[in-house]
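Hydrogens, waters and symmetry mates play no part in the numbers below; they use all other heavy atoms, side chains included.
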Amino acid sequence: LPEGLRRPRGKCRTKVSYLDSTRVNFALTGKKRPLMIEHMFDHDDIAPVCRGDFLTSVEAAVDTLVVELHSGVPTAGLGGTIQRVERLQRRLEGVMVAAVGVARRSGTYLDDGHLDVTPWLAALTRAPRHECAARVASARLAEHEPMFEQALLAGDVPVASMRRLARAVN
C-alpha cells in the first residue's frame, strides 16, 4: 500500500462524540441514547483502505447535517443545501465509479471467488445488481474517456446522465 494508507482488520468503527451521536439517534428514532455507527466487514480482504480518519470525518459531517435538517433549517437556505448535497452525491458517485474501475482493472473481485466485478460489487455493497452493473458500465466509460470521470468527480454531471451515456456506449 502507498505510504500513509492502512488496511484495517476486522471492524472499522466510526467515532462520533456522545453528544452528536445522541442528537443523531434522537433525530432518526426519537430515542435519547447514543447511536453506535459501525461498519462491519465479513472478510479481512474486503476491508476498505482508509486514509487516516478522512472517511470518518465525512460520515460525521453527514450525521451533523442530518441533525441540522431535523432541528429546523430555515427554509430560505434549504435550496442551497439541496444543491450542495446533490453536487456532493455526484462527486461521491464519481469516487465509487473510480474505485469500481480500480477493482475491475486489478481483478480484486477474483480474490473473493467472483468471476465478474458486477456480482462481486453486489455482494459487497448489498446493492441491486442493476445498480452495480450501471456502476461497472460507468467505470468502463470513465476508463475509455477520462473526461467523463473528471466531470463526475467534479459534480458537473448528474449520475443518471452518466449511467445513460455509459449504457449507450457499452
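To the nearest 0.5 Å, atoms CG (L153) and CE (M96) are separated by 12.5 Å. Distance CH2/W120 to OG1/T125: 9.0 Å, rounded to 0.5 Å. The CZ atom of R104 sits 9.0 Å away from the CG atom of D116 when rounded to the nearest 0.5 Å. Put simply, CG on L165 and CD on E145 are 9.0 Å apart, with the number rounded to the nearest 0.5 Å. Atom CD1 in I82 sits 12.0 Å away from atom CD in Q89 (nearest 0.5 Å). Summarising the geometry, atom CG belonging to L115 is positioned 8.5 Å from atom OH belonging to Y109; distances are rounded to the nearest 0.5 Å.
If you chain together hydrophobic residues whose side chains sit under 4.5 Å apart, V102 and L141 never meet in one group. Linking ILVMFWY residues whenever their side-chain heavy atoms come closer than 4.5 Å, directly or via other members, places V136 and L124 in the same cluster. Hydrophobic clustering places V85 together with L78 (ILVMFWY residues linked when any side-chain heavy atoms are closer than 4.5 Å, directly or through intermediates). Both L110 and V117 belong to a single network of hydrophobic side chains, linked directly or stepwise wherever heavy atoms of I, L, V, M, F, W or Y lie under 4.5 Å apart.
Between A122 and R129, the shortest heavy-atom distance links the atoms CB-CA, 4.5 Å. Scanning all heavy atoms of the two residues, the minimum distance from T118 to C132 falls at O-CB, 3.9 Å. Closest approach of G155 and R87 over heavy atoms only: O-NH1, 3.3 Å. When all heavy atoms of V100 and L121 are compared, the pair lying nearest together is CG2-CD2, 3.7 Å.
Atom CZ of R84 has 12 or fewer heavy atoms from other residues, nucleotides or ligands within 6.0 Å.
R90 pairs by the salt bridge (charged side-chain N to carboxylate O under 4.0 Å, His left out) definition with E86, not counting sequence neighbours.
Counting heavy atoms from C-beta on, the side chains of R135 and S138 never come closer than 4.5 Å.
In terms of modelled atom types and a separation under 3.5 Å, the side chain of S161 and the main chain of V157 share no donor-acceptor contact. R140 places no side-chain N or O within 3.5 Å of a backbone atom of V169 that could act as its donor or acceptor partner.
Look at R163 and E93 and you find a salt bridge, because one of the NZ, NE, NH1 or NH2 atoms lies within 4.0 Å of a carboxylate O, short of that distance.
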